[in-house]
Number of protein chains: 2
Amino acid sequence: MNYSVKEIAEKMGLTEHTIRYYTDQNLFPCKRDSNNRRVFDDQSVNWLQGIKCLRACGVSIEDIKIYCDLCLEGDVTIPERHQFMLHQQELAQERLREAQEVANYMDYKVKHYEEILANKIPDDMNPATKETPGVGKQVG
Amino acid sequence: MNYSVKEIAEKMGLTEHTIRYYTDQNLFPCKRDSNNRRVFDDQSVNWLQGIKCLRACGVSIEDIKIYCDLCLEGDVTIPERHQFMLHQQELAQERLREAQEVANYMDYKVKHYEEILANKIPDDMNPATKETPGVGKQVG
DNA sequence: TTAGTATATTCGTCTAACTCGAAGTCAAGA
DNA sequence: TCTTGACTTCGAGTTAGACGAATATACTAA
């Protein structure tokens with residue numbers, strides 16, 4: 001099964017621009033037809049699924065290229081790919097912790113405003129909220 | 001207590017570039033001395049603490065400006081600021097869910113490579129790992 | 001007075017990962 | 001033949017700064 005840029009963009013939930021961008025960056029092999037048009041197949045779908053996941057995980061295009069190149073080299077690079085993923089796993093755990101902190105901070109802020117609205121805190125007791133956002137700090 | 005760009009940058013853990021950028025974007029009031037140099041005080045520290053937190057929460061400069069402008073208008077805008085924070089709270093919760101998914105995905109990937117390395121999965125049973133990253137998809 | 005040092009200022013360019021639009025190419029259909 | 005639609009490349013815009021250069025000001029030492 002062959003796909004055009006438009007078809008694979010639709011199938012993968014990416015824009016045509018993004019598809020072209022990825023192929024221009026040589027993230028994965030991409031053939032051309034006699035009219036110089038990009039031609040994709042089911043293998044391309046596989047590549048794009050993986051790339052999409054890695055992007056969603058916050059991996060940069062540069063690092064994705066490194067990883068994809070390792071994949072292209074075959075089984076010899078499995079230990080390297082393992083290391084790559086271990087590193088990404090660490091990064092993911094750190095981001096998860098940060099996201100948790102941010103969520104806590106927002107919960108605090110919302111609660112804070114709700115207390116003010118319920119008049120539990122008289123205005124003159126929390127002057128900072130009047131003119132600066134600097135209440136309940138230190139996140140990230 | 002007054003601070004120069006350099007002093008407040010150091011105090012806040014931001015670069016001088018960033019401080020200048022924030023003042024150029026009019027995120028918060030900033031005075032100038034007779035030599036046109038930026039002058040900061042303890043109120044500025046308050047502003048910057050709040051701004052830093054919001055950035056760490058992934059809030060865009062544009063939205064931070066909206067929020068800071070509301071703060072400058074005083075207590076009348078407390079309901080609006082409450083709404084703003086409710087929205088940010090939702091976004092934070094969504095990002096937390098995503099971060100959790102990403103972490104799970106990475107755990108899966110690492111385990112996958114470790115199984116291959118332990119020879120629990122013969123190579124010819126998982127051909128996709130040889131040439132594409134598309135194994136264990138759908139994140140984000 | 002002069003030079004050096006340490007700041008500060010603005011301006012302009014660079015980045016990532018797209019996003020968007022323009023201008024041109026190409027084949028198929030009415 | 002003309003139009004449509006999809007494709008091509010190229011160049012510029014985006015965000016939130018990072019960074020360097022040229023310039024200006026003030027303080028200090030010789």
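What you see is a predicted model, and the numbers here were worked out from it, not measured in a lab. Letters go in sequence order (proteins before strands), and every chain restarts at 1.
Using a 4.0 Å heavy-atom cutoff across all strands shown, A:E16 reaches sugar-phosphate atoms only and no base atom. Within 4.0 Å of B:R38, counting heavy atoms only, lie sugar-phosphate atoms of the nucleic acid but no base atom.
Here the CZ atom belonging to B:R55 is positioned 11.0 Å from the CG atom belonging to B:L14, to the nearest 0.5 angstrom. Put simply, CD1 on B:I19 and CE on B:M12 are 7.0 Å apart, with the number rounded to the nearest 0.5 Å.
Distances shown here put every side-chain N or O of A:Y21 at or beyond 4.0 Å from the OP1 or OP2 atom of C:dA16. Within the 4.0 Å cut-off from OP1 or OP2 of C:dA6, not a single side-chain nitrogen or oxygen of B:R37 is found. Side-chain nitrogen and oxygen atoms of B:T15 include at least one within less than 4.0 Å of the OP1 or OP2 phosphate oxygen of D:dA18.
In terms of position on DNA chain D, the residue among B:N35 and B:R55 whose nearest nucleotide sits closer to the 5' end is B:R55.
Residues of residues 83-97 of chain A having a heavy atom closer than 4.0 Å to DNA chain C: none are found.
The neighbour count for B:E10 CD, taken as heavy atoms of other residues, nucleotides or ligands under 6.0 Å away, does not exceed 12.
Side-chain contact check for B:L54 versus B:M85: some heavy-atom pair is nearer than 4.5 Å.
Minimum interatomic distance between B:K11 and B:V45 (heavy atoms only, all atoms of both residues): CE-CG2, 3.8 Å.
Taking every side-chain heavy atom of B:R20 into account, C:dT9 is the closest of D:dC19, C:dT9, C:dC20. Distances from the side chain of B:K6 to the nucleotides C:dT19, C:dT7, D:dT8 place C:dT7 closest.
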task: Kindly determine whether B:D24 and B:R38 satisfy salt bridge (charged side-chain N to carboxylate O under 4.0 Å, His left out), including the steps that lead there.
output: CA-CA 11 Å; B:D24 289 349; B:R38 293 168 183 81; 3.0 Å; yes

